[in-house]
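Below is one structure, written out as structure tokens, with a few remarks after it.
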Amino acid sequence: MPYRAIKGGFSSFFSHKKKAKINNMAKKKKENQSPTSAASQVEVPKKILSPAKKVDKQTVVSVLEGIATLLELKGENPFKSRAYRTAARVIDSLAEELDELVAQGRLKGIKGIGEGIGEKITQLITTGSLPYYEELKKEFPASLLELLEIPGVGPKRAKILYEELGIKDIDSLEKACKEHRIAVLAGFGPKSEENILLGISQYRSFAAYHRYGDLINIVEELLGYLKKNPSIIHVHVAGSFRRGKEIVKDLDFICTSGTPQAVMDYFVRFPQVSRIVNHGETKSTVLLEKGISCDLRVVPDEDYAYALLHFTGSKEHNVALRQRAIAQGKKLSEWGLFRVSRAQERETAEGESEDNPKLVQPFESKIPCRSEKEIYAALGLAYIPPELRENMGEIEAAEKNEIPRLVEWEDIRGVFHCHTTESDGRSSLEEMAKAAMDMGLEYLGIADHSKSSFQANGLSEERVYAQMEKIKNMNAQWKNFRLLSGIECDILKEGKLDFPDSLLKELDYVVASLHAGFSGDEEDNTQRLIKAMENPYVTMLGHPTGRLLLVRKPYPVNMDKVIDCAARTGCWIELNAQPMRLDMDWRLWKTARDKGVKCVINPDAHHFKEIAFFKIGVNIARKGWLRKEDVINCLPLKEVIQALQIKGRKKKGF
DNA sequence: GCCGTTTTCGGCCCGACTGTTTTCAGTCG
């Protein structure tokens, strides 16, 4: 299932010197692919909107998706709403400029865009609005769409709730459940009420948080904006975002300047600010358009390192550092690291007595530190990277100079687990391979869905063999790059796999993943995973807990047993870098690593641009204390092929 | 609403699961 949590792509986080080349390549390809017969063309519009009013591609995508949802709510022909969703996906994956396609009348030639939708897109691009969509929106209150966020409430049920009980938002739905007005409706019952209430509680507990991957663009934009201000000397993002937490509540920025008030005034004028919460002299808080709260603090330049350390946290890490400072006769705060001397103060303090120690003012001298590294050094510690600052053993390790050299995204030499248009991906095999090469990767593993994933157009055995043949032929043209033939094989009931061993053994590797039926209990789920991992041809376990950040909790599974099984069988565990997943969780990796389990960082890409997701995965691997040698895909091509072959031999004897 | 053709309209994404109902509808992946 493709997730499009990060709409509009990433900017410099995923920038690459060859990015432009990729785009040009894709653009050229699309141009060649788009049929443009005169009969299939829509009427060529005479005028495209001026740049100020230009409707961007993402707006078109969200309008098409909006129409699809509203049609579902209306109870229209499901294939009609599906057509709009397909069109949204097609537009989203276009490499060409949408307004150019419209201007040249080449829109309708694209597969998935017919006459009706083509005309609507043209209207939206050329006039800036779409009356059809505006009329549809009038039929239901906007808040009704919220109900669809509640697990177990789909368009049909939302419609019934609205029409029968006038429920139009989550608050009124909750009230109706508590008053038992839902259970009496046809098709609903007491269990429905119970599940909806549970779903509402889950929805609310997630509402105040944001996924790391959803914030990368806004962080970069704000940093870029602040750096343009000449009175700002240093600026850095701090907080949980800097620590690479998968979920972030708010953003913290630290900067230094000699004119703090001017910086504050500049900050609150950032174009994406939707509301100014506080506008102080050295600290301001704003709400950004995406609903995230964002703080900026200005400190004198000489205090930069202390402030950055303090506001990066975590709180637990800071407490441990302060306790350490106290034990050494020092004091640490956002304003500095101080040496505290009571002896010196006793000589100078006036009015002191043993009965009245409060009068004693300790003498403090600041220990000058220009960087976080210097602060750690002054505390007798090695530098601790932000990702490790969770008070989970990093201070003890730093004391012994045992902080590992953590994996970096430049260490990654290739990735596994990518999808193509053969199943539910949005880029072709050729586009995926070219993008991987342009990113400097040496290999790219293709793992489309297996046949049981009907919703994802999973491959039949025949199609798998055909894809293997195609990959083999494509590989003949490259010396320093290789496509690997894999499959994301569904784990079925009782741990049975979707394909027979006779097929699995022909592939370069197998990712085994659970996609359905994980509503069983912990023991059932755990045994299914273990049974799959014990299969001699399963190379790695895909997204082990099935969580979708801020959407769905992990299914119940005993990860200790799964990790032990991985250690025993040599089955690798995936760190799925899809921003919605980031699964297996970073908190488990250090234990897994210590047991000898190898990690594979996979983007689970459904579009060539998503291959770069592996960089978010590297963040999580770093939080999990993983080193280059713990991550399989840091191996160069020759060694990874060797590893796959050795692994195959070992596992056959398992 | 799109596609492909049998060119004027039928087929399009299937199956598990849950909760409801008593044979099925809705949701989800």
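Heavy atoms only: backbone and side chains are in, while hydrogens, waters and symmetry mates are out. All chains are named by letter (A, B, ...) in the order of the sequence lines, taking the proteins before the strands, and each is independently numbered beginning at 1.
Spacing between atom CZ of A:Arg89 and atom P of B:dG1 amounts to 18 Å, rounded to whole angstrom units. Here the C1' atom of nucleotide B:dC2 and the CD1 atom of A:Ile91 are 14 Å apart, to the nearest Å.
A salt bridge links A:Lys470 with A:Glu430; the closest basic N to acidic carboxylate O contact falls under 4.0 Å.
Nucleotides of DNA chain B nearest to A:Gly187 and A:Gly154 differ in position, and the one nearer the 5' end is that of A:Gly187. With DNA chain B read from its 5' end, the first of the two nearest nucleotides for A:Lys80 and A:Ser452 is the one closest to A:Lys80.
A donor-acceptor pair shorter than 3.5 Å cannot be found between the side chains of A:His419 and A:Glu610.
The side-chain tip of A:Lys120 points at the ring of A:Tyr132 from less than 6.0 angstrom away and within 45° of straight on. With A:Tyr555 as the aromatic partner, A:Arg547 does not meet the cation-pi criteria of under 6.0 angstrom to the ring centre and within 45 degrees of the ring axis.
Using a 4.0 Å heavy-atom distance criterion, A:Lys493 is classed as a sugar-phosphate-only contact. Across all strands, A:Asn77 comes closer than 4.0 Å to base atoms (heavy-atom distances).
For the pair A:Lys159 and B:dG26, the criterion of a side-chain N or O lying under 4.0 Å from OP1 or OP2 is not met.
Per the stacking criterion (ring centres < 5.5 Å, plane angle < 30°), A:Phe454 does not stack onto the base of B:dC13.
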